[in-house]
**Q** 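Okay, handing you the structure first.
The chains referred to below are lettered A, B, ... by the order of the sequence lines, with proteins before strands, and numbering in each begins at 1.
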2 protein chains.
Amino acid sequence: MTELEYCVLGIVWEGGPLTAYEVAKPFAESPSSYWSGSAGAIYPLVRRLEEKGFLRGKSAQWNSRRKRVLTITEQGLAALREWLAPPFPPSAGAASFDPIRTRVVFINALPAKARARFFDDAERVVREQLTGLEELYAAQRETGTMALDALSTLGGMHELRARLAWLSEVRRELSS
Amino acid sequence: MTELEYCVLGIVWEGGPLTAYEVAKPFAESPSSYWSGSAGAIYPLVRRLEEKGFLRGKSAQWNSRRKRVLTITEQGLAALREWLAPPFPPSAGAASFDPIRTRVVFINALPAKARARFFDDAERVVREQLTGLEELYAAQRETGTMALDALSTLGGMHELRARLAWLSEVRRELSS
DNA sequence: CCGCTCATGTAACTGGTTACATGATTTA
DNA sequence: TAAATCATGTAACCAGTTACATGAGCGG
């Protein structure tokens, strides 16, 4: 079971009954490039989860339009809970993949001029993403009580602010 | 071209000539679960890079032991530089995938008791990884001048500290 | 002589990607 | 009426995974 599969379980648990199309939407709209929400990922995936007995699909009609709505089963909820519940595997706490961090290791392969622009541009792209998350966070908070997806967005903001702090530290260290 | 392919280019640029085995080692030893460094990934990959003309392989002998050492070509270096140089794609600045952040969204699917343990355990795994990175950082700094891989490790430390701060903020928010 | 590291690979599999294909309904 | 959205899927492809297979050299 992949993270995507568990997330689908979670989405259906929270908002079901849903069509596969509706399940895919939040992934497609997510600001994280980790999630794509493409049809080619979702449709085979829900079939897999149905075969495992974690989701139940029901054909529904709505204005002569074919539709198949998904519900989570008892087994599906149990699997979701097992995924969510501690203890977490050590890898769950590991630092994640950051393309900028990865590039820094090889920065000496760049000529000096490009090396200077590297950090300006890195800060630029991180700041842009951070602004996006801040707007999303504001929108998510608007609905009143602190929603869990707002808290998740806040996590991304924390990460990006830490990345900015690190970037300026690196810049300082390398210029000395 | 994947991130892994560019990284291999970078490693050969930095330390070449190297065998594929030696190229794989730093990935296998990396504390990040993103990199595996398995043979099944590396050997087909270096063949691909050779076919593209980015790496050159040369058979070498050492005590009647077969060995194939890799060097980066001019084209390979150009490709590496293009990957390293700004402008970065917007996705390079995006918040990365954090399994704990992902789980938080669905935390209400857990019964109250497990919900409390969730944060204790999340903190635990993050702290453990952070300790690991701190030790690695100390070892990397030992060699004298601030090496780039130490700075990269520092980036991971920043990320994990931000995650801890976020976790306690979430805990506070949810208990109120 | 046993087990570890060095060293090179292959084979089957899998989860996801991109791109394509279809068609109804809604909205500007 | 044209474009966007809802809705469902398939097909080819691909990078990486796990597991297997082989064998030389070295340290205890």
**Q** Of the options Leu18(B), Leu70(B), Ile72(B), which is the one that meets Ile11(B) in a side chain to side chain contact (heavy atoms under 4.5 Å, CB included)?
**A**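 Testing each of Leu18(B), Leu70(B), Ile72(B) against Ile11(B), the sole residue satisfying side chain to side chain contact (heavy atoms under 4.5 Å, CB included) is Leu18(B).
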**Q** Need one value for Glu22(A): base, sugar-phosphate or nothing, where a base atom within 4.0 Å counts as base even if backbone is also close, heavy atoms only.
**A**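 If one applies the 4.0 Å heavy-atom cut-off, Glu22(A) turns out to touch the sugar-phosphate alone, with no base involved.
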**Q** Are Glu134(A) and Arg127(A) ion-paired here, with the side-chain N under 4.0 Å from a carboxylate O?
**A**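 Looking at Glu134(A) and Arg127(A), the cut-off is not met.
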**Q** May I have the distance from Tyr34(B) (atom OH) to dT17(D) (atom C1'), rounded to whole angstrom?
**A**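 Checked: the OH to C1' distance equals 14 Å.
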**Q** Taking NZ, NE, NH1 and NH2 as the nitrogens, is one of them in Asp120(B) or Arg171(B) under 4.0 Å from a carboxylate oxygen of the other?
**A**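 A salt bridge is present here (some side-chain N lies under 4.0 Å from a carboxylate O).
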**Q** Show your working on side chain to side chain contact (heavy atoms under 4.5 Å, CB included) between Gln75(B) and Lys52(B) and close with a plain yes or no.
**A** CA-CA 9 Å; Gln75(B) 287 169 66; Lys52(B) 280 189 176 164; over 6 Å; no
**Q** Filter on ring-ring contact (aromatic ring centres under 6.0 Å, His included), then keep only pairs touching residues 18-39 of chain A, sequence neighbours left out; what's left?
**A**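 Residue pairs passing ring-ring contact (aromatic ring centres under 6.0 Å, His included), neighbours aside: Phe27(A)-Trp35(A), Tyr34(A)-Phe97(B), Trp35(A)-Phe97(B).
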**Q** Show your reasoning for whether side chain to side chain contact (heavy atoms under 4.5 Å, CB included) applies to Val125(A) and Ile100(A).
**A** CA-CA 10 Å; Val125(A) 286; Ile100(A) 295 173; 4.2 Å; yes
**Q** Determine whether the side chains of Thr19(A) and Glu22(A) contain a donor N or O and an acceptor N or O closer than 3.5 Å.
**A**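 A donor-acceptor contact under 3.5 Å links the two side chains.
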**Q** For nucleotides 22-28 of chain D, just jot down a letter per nucleotide in 5' to 3' order: B, S or -, based on protein non-hydrogen atoms under 4.0 Å.
**A** --BSS--
**Q** Can you name the closest pair of heavy atoms from Phe88(A) and Arg124(B) and give their distance?
**A**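 Result for this residue pair: O-NH2, 3.9 Å.
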**Q** If you take any heavy atom closer than 4.0 Å to DNA chain C, which residues from residues 37-58 of chain B end up in contact?
**A**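 Hits under 4.0 Å, by residue number: Ala39(B), Gly40(B), Tyr43(B), Arg47(B).
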**Q** Among Gln140(A), His158(A), Glu135(A), which one satisfies side-chain hydrogen bond (donor to acceptor under 3.5 Å, both in side chains) with Thr153(A)?
**A**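 It is Gln140(A), the one option of Gln140(A), His158(A), Glu135(A) that forms the side-chain hydrogen bond (donor to acceptor under 3.5 Å, both in side chains) with Thr153(A).
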**Q** Check this for me: does any side-chain nitrogen of one of Arg103(A) and Asp98(A) sit under 4.0 Å from a carboxylate oxygen of the other?
**A**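 Salt bridge absent between Arg103(A) and Asp98(A).
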**Q** Which pairs, with at least one residue in residues 66-81 of chain A and sequence neighbours excluded, count as a salt bridge (charged side-chain N to carboxylate O under 4.0 Å, His left out)?
**A**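 Every salt bridge (charged side-chain N to carboxylate O under 4.0 Å, His left out) pair that includes a residue of residues 66-81 of chain A, provided the two are not neighbours, is Glu50(A)-Arg68(A).
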**Q** Shortest non-hydrogen contact from Ala60(A) to Val69(A)?
**A**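 Looking at all heavy atoms of both residues, the closest pair is CB-CG2, 4.5 Å.
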**Q** Taking only side-chain N and O atoms of Thr2(B), does any of them lie within less than 4.0 angstrom of OP1 or OP2 on dG16(D)?
**A**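 Affirmative; the distance criterion is met.
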**Q** Quantified as the angle between the terminal helix axes (five pairs each), what is the overall bend of the helix from dC1(C)-dG28(D) to dA28(C)-dT1(D) to 10 degrees?
**A**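 The two end axes of the helix from dC1(C)-dG28(D) to dA28(C)-dT1(D) meet at 40°.
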**Q** Does the side chain to side chain donor-acceptor pair (under 3.5 Å) test come out yes or no for Ser96(A) and Glu159(B), once each step is laid out?
**A** CA-CA 8 Å; Ser96(A) 57; Glu159(B) 188 194 329; 2.8 Å; yes
**Q** Which is the 5'-most and which the 3'-most nucleotide of DNA chain C that has an atom under 4.0 Å from a heavy atom of chain A?
**A**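 From 5' to 3', the first and last contacting nucleotides are dG15(C) to dT26(C).
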**Q** Name the residue closer to the 5' end of DNA chain C, choosing between Glu3(A) and Val69(B) according to the nucleotide with the nearest heavy atom.
**A**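 It is Val69(B) whose nearest nucleotide is closer to the 5' end.
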